[in-house]
Amino acid sequence: MKNRLLGIHMIVQNEEHQLPRCLDSLKHISTECFITDTGSSDRTPEIARTYGATVLHACWEDDFAHARNISLPLASTEWVLCLDADEYVTQGLEELLNYLPKVHKSISRLRITIENRYGEGVEESVISRPVRLFRAHQGYRYAGRVHEQLVRCIPSKLVLDQATDMDKSETYTDEQSQLIETEPLALLCLIHDGYLASTIAKEHKPRRNLKLIERELQDEPAQPFHLYNLGVTYCQLGEVEKAIEAFSESLHLTELLAPYRPTLVRDYAKTLVGSERYDEAHAILAVERQRYPSYADLHLLYGETLELQGLEERAYQSYARATDCREGIDRVGHSDGGSTLDASYVTEAGSNSYRAYTAMARLAQKRGFYKESAHLYGLALDSMFTYAPAWAGLADVLQLSGETDENIAETLLTRSRGIGESDHGDLIRGEMPHSYAVTNEDHLVQMIYVLTGCGAYEQALKMLNADSCTARIHVADQIHWMLCANRVSEALQLAEEHWSVGCVHEVNLPAEHRMDWALACWTNGLRLSEAFLATTLPQEKNVWKVMDRLLDQLTKEPRSMKPASQEQKLMQWGPQAEMVAEKVVQQAVKTGQLTLAEQLHELRAMMMRDHWGTAVTLRREFASLLYRQGYTMVAANILIQCMTESELDAEGLFWLGETLYAKGHNDQALSLFEQALEREPDMWQARVGAAVCYMRLAMEAIRQELVRSPSSGVLAAQHNALEQRLRTTEGMPWRTLFHAKERRNQLASGTNFPMHDREG
């Protein structure tokens, strides 16, 4: 017999792929279910009926509220729960059924927790707590063509009589006024994934929403809620400037007590930061975070803005303030005595915990406080043990501290063993609970990937060989790591075993895997095998054959290479050949096979020899590739050679200047930064670099004067003021960021340097 406590109400259209998952999450309770179908052309209605739902058919009138309201008068249950097909229950349903009979009659609406996923990662979600549960036949209905809102009509005499027992703040103003009442947070938790980037790319939801919002704005021009939703839709469509304009107008018109206003501030500021409009974001957040002191997202965004402006100490304080928003609200909506997380806030998962701790750890690491940084990364992992940036940061700071790869591995494993399974108290702290348990094998696999991420390939391979989790790691990753660790014979053996046609019949290997196989052959001094050529794409087969033949000739008899052979002409005029050659050079540098990379680069240059200026351009590209992978000195030598032969571009000049600045040659670095700005006036990194050099040179001049006049208070004050400005300017992210993997390569002084693992 169906319960009369809770009923499910939905509207659907062509949801045959999503609907079963949603209804499966509800099927263990017997409950009334109304599904309003607005014109499906697939099996949606039939699927709904197989789950026992009552299907109502209605014409789609470009009005979500109209469709939503159709089933509400038919409810025979005390409570109504409104869901969408792209949502499903993860926990709390049984608890909800036990809780509803205990809800005081003065409460007619309840919030639930929804994890809105925007990416595939566990942490890539935004947590919202909307009102989705309300008492049936109490005057509730929906209003709005799109992003419909729950409103309450003028109550009947019965409802008015009940209202006398309610809180004095509850008032009725007009037919569509929203009742101000306590909205407790129920235990129910859902996941919504209808707005994943991959889903949006396939579907028309944003375009459909845009049309409906524009119609709403025709009826109600400059209505701030519609303008806010217009901004969100423009963001989904990638029209950022239009989104900023809509957000700005909405914020100007929105009343301070509007329930959506905090989220509007968050989305507006986030869009400004993403557009590098830091001054505008700073101005808004400096005010609004004071208005919403328990909104962690605003403190996190403010910290990010301050950090990008070079104000690192203030940024650290703002990140720390975000972690203070960890106290929750209880299940009846009352604060528990601390700084509370308002149930109406829409918040990115981890804003008040692992994201904020990771940001603090990054700043501590940048300032050289390595122990503090490691501790903060640990706090982040205590909050979300799968948070990849925190694991990568911890490995990075351990390597920077001088730990051996063996010690790094042991530290990571010790921490992973100490992390328990899910903590369902996370919901109270504003986070979604971990919906799965992580096994020891999962931990080990994760640690292996963390180690390879920081360049500790040899240590990762040792762990891999010593454990049974080899099958859990793709063979392509193992081959790539072997190449990076310079274990080229093993890499070739593994590639031949797993990728030859006779073994796996894998004709179309992904391009990166195919390149690693080719590199394994060439680094072992061998020609490409027939098994390799059998797996290449038909349009690339000749390219690989010619490259293989020319590389063999270049390696064995470099002087016999002729500049205009038929094979070179074949490759010179083929875009496919040029693309393959470019990607192979990139992969050779990425794996640390620099001797081979140099040979492949030379081969590519010969292929394109007839193009005027190509040789210097290709060398600059090669230097750029080396520099980004951390081979700074090798790249600098090539860039200097380019300078002697031709004019260097702004990027090359900046990198040379950055290299000299790192060595303390401020005057020479300044000259290069200024030359970069002459070629590219909008290159802000070079502008900041020049400012830093000017300040350092000025400080050095003042120090020399202080030696002559040590009692000069004016000089000392000028020095202190410059030092403060330098700290702020240096704090801006103008320098190329190198992590552990790239730092290992910075000791390389020549192209014969193979990338071995650092052992201490």
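- In this structure, Ile191 CD1 and Ile114 CD1 are separated by 11.0 Å, a value rounded to the nearest 0.5 Å.
- Looking at every heavy atom in both residues, Cys325 comes nearest to Asn352 through O-ND2, 3.1 Å.
- Between Thr182 and Ile107, the shortest heavy-atom distance links the atoms O-CG2, 4.0 Å.
- A salt bridge is defined here as a Lys NZ or Arg NE, NH1 or NH2 lying under 4.0 Å from an Asp or Glu carboxylate O, and Asp86 with Arg117 fails to meet this definition.
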Test side-chain contact (heavy atoms from CB on, under 4.5 Å) on Glu348 and Arg266 and set out the steps. CA-CA 10 Å; Glu348 190 163 16; Arg266 171 195 180 274; 3.7 Å; yes
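- Minimum heavy-atom separation, Ala75 to Val80: CB-CG2, 4.0 Å.
- A distance-only check finds no donor-acceptor pair linking the side chain of Glu148 to the backbone of Ala143 [under 3.5 Å].
- For the pair Arg111 (side chain) and Pro184 (backbone), a donor-acceptor distance under 3.5 Å is absent.
- Phe34 and His9 have tilted rings, their planes meeting at an angle from 30° to 60° on a 0 to 90° scale.
- For the atom pair OG (Ser128) and CG (Asn116), the distance works out to 4.0 Å, reported to the nearest 0.5 Å.
- For Ser76 and Glu32, the side-chain atoms include at least one donor-acceptor pair closer than 3.5 Å.
- Put simply, CE on Met10 and OG1 on Thr36 are 10.0 Å apart, with the number rounded to the nearest 0.5 Å.
- Judged by the 6.0 Å and 45° rule, Arg109 forms no cation-pi pair with Phe134.
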One pair to check against salt bridge (Lys or Arg N to Asp or Glu O under 4.0 Å): Arg49 and Asp37. What are the steps and the verdict? CA-CA 12 Å; Arg49 291 189 187 97; Asp37 186 273; over 6 Å; no
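- At a threshold of 4.5 Å between non-hydrogen side-chain atoms, the residues Tyr357 and Thr323 count as touching.
- With hydrogens and angles ignored, the 3.5 Å screen pairs no side-chain donor or acceptor of His137 with any backbone N or O of Leu72.
- You'll find the ring centres of Phe225 and Tyr260 inside the 6.0 Å limit.
- When all heavy atoms are compared, the tightest approach of Ala390 to Ala380 is CB-CB, 3.9 Å.
- Put simply, the side chain of Tyr295 never gets that close to the backbone of Ala322: no donor and acceptor are under 3.5 Å apart.
- Pairing each heavy atom of His104 with each of Arg135, the nearest pair is O-NH2, 3.2 Å.
- Within 6.0 Å of CD in Gln539 there are more than 12 heavy atoms belonging to other residues, nucleotides or ligands.
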Decide side-chain contact (heavy atoms from CB on, under 4.5 Å) for Glu115 and Cys189; before the verdict, give the C-alpha distance in whole Å, the side-chain angles of both, and the deciding distance to 0.1 Å. CA-CA 8 Å; Glu115 178 186 356; Cys189 301; over 6 Å; no
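- Looking at Arg277, its side chain never comes within 3.5 Å of a backbone N or O of Thr271 through a donor-acceptor pair.
- Here the side chains of Lys211 and Arg207 are not in contact, with every heavy-atom distance at 4.5 Å or above.
- To the nearest 0.5 Å, the span separating CG on Leu19 from CG on Asn14 amounts to 11.5 Å.
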Can Asp24 and Lys27 be said to form a salt bridge (Lys or Arg N to Asp or Glu O under 4.0 Å), step by step? CA-CA 5 Å; Asp24 279 337; Lys27 68 181 181 181; 3.5 Å; yes
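- Look at Arg145 and Glu61 and you find no salt bridge, because none of the NZ, NE, NH1 or NH2 atoms lies under 4.0 Å from a carboxylate O.
- To the nearest 0.5 angstrom, Gln685 atom CD is 10.0 Å from Trp734 atom CH2.
- With Ser351 contributing its side chain and Thr347 its backbone, the two residues share no donor-acceptor pair below 3.5 Å.
- Ion pair Glu651/Arg628 flagged as a salt bridge, since at least one NZ, NE, NH1 or NH2 atom sits closer than 4.0 Å to an Asp/Glu carboxylate oxygen.
- Residue Glu280 places its CD atom among more than 12 non-hydrogen atoms of other residues, nucleotides or ligands, all under 6.0 Å distant.
- Looking at Cys82 and Tyr142, their side chains come closer than 4.5 Å, going by heavy atoms from C-beta outward.
- The pair Arg21-Asp193 meets the salt-bridge criterion, since a charged nitrogen lies less than 4.0 angstrom from a carboxylate oxygen.
- At least one side-chain heavy atom of Glu249 sits under 4.5 Å from a side-chain heavy atom of Leu253.
- One distance of note links CG of Asp267 with CD1 of Ile244; it measures 12.0 Å at 0.5 Å rounding.
- Of the possible donor and acceptor atoms, one in the side chain of Gln13 sits under 3.5 Å from a partner among the backbone N and O of Thr38.
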Derivation and outcome, side-chain contact (heavy atoms from CB on, under 4.5 Å), residues Tyr88 and Leu26: CA-CA 8 Å; Tyr88 57 97; Leu26 299 160; over 6 Å; no
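- A donor-acceptor contact shorter than 3.5 Å is absent between the side chain of Thr77 and the backbone of Arg4.
- For Arg208, the CZ atom sits in a packed shell: over 12 heavy atoms of surrounding residues, nucleotides or ligands are nearer than 6.0 Å.
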Apply side-chain contact (heavy atoms from CB on, under 4.5 Å) to the pair Ile35 and Leu23, showing each step before the final yes or no. CA-CA 11 Å; Ile35 294 182; Leu23 297 179; 4.2 Å; yes
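- By the side chain to side chain donor-acceptor pair (under 3.5 Å) test, Glu288 pairs with Arg261, Arg291, sequence neighbours left out.
- Closest approach of Thr305 to Tyr278, counting heavy atoms only: CG2-O, 3.4 Å.
- Ring geometry, Tyr302 versus His282: the interplanar angle exceeds 60°, so the pair is classed perpendicular (tilted spans 30 to 60°).
- Although no hydrogens or angles enter the test, the distance criterion places no donor-acceptor pair under 3.5 Å between the side chain of Glu255 and the main chain of Ala258.
- No more than 12 heavy atoms of other residues, nucleotides or ligands lie within 6.0 Å of NE2 in His17, so this atom counts as exposed by the packing criterion.
- Neither side chain, Trp684 nor Asp682, offers a donor N or O lying under 3.5 Å from an acceptor on the other.
- Taking a 6.0 Å sphere around NE2 of His252, one finds it holds 12 or fewer heavy atoms contributed by other residues, nucleotides or ligands.
- At least one donor-acceptor pair closer than 3.5 Å links the side chain of Tyr319 to the backbone N or O of Glu304.
- Relative to the six-membered ring of Tyr195, Lys205 meets both conditions, a distance below 6.0 Å and an angle of at most 45° to the axis.
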Salt bridge (Lys or Arg N to Asp or Glu O under 4.0 Å) for Glu87 and Arg132? Distances and angles first, verdict last. CA-CA 12 Å; Glu87 298 171 339; Arg132 289 290 195 87; 2.7 Å; yes
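- Donor-acceptor pairing under 3.5 Å is recorded for the side chains of Tyr140 and Ser108.
- Side-chain N/O atoms of Glu15 and Thr44 include no donor and acceptor closer than 3.5 Å.
- Residues Asp279 and Gln309 bring a donor and an acceptor atom of their side chains to less than 3.5 Å of each other.
- Using a 4.5 Å heavy-atom cutoff, the side chains of Leu5 and Leu97 are in contact.
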I'd like to know whether Glu307 forms a salt bridge (Lys or Arg N to Asp or Glu O under 4.0 Å) with Arg362, so could you lay out the CA-CA distance, the side-chain angles of the two residues, the decisive distance to 0.1 Å, and finally the verdict. CA-CA 11 Å; Glu307 184 179 351; Arg362 183 180 62 247; 2.7 Å; yes
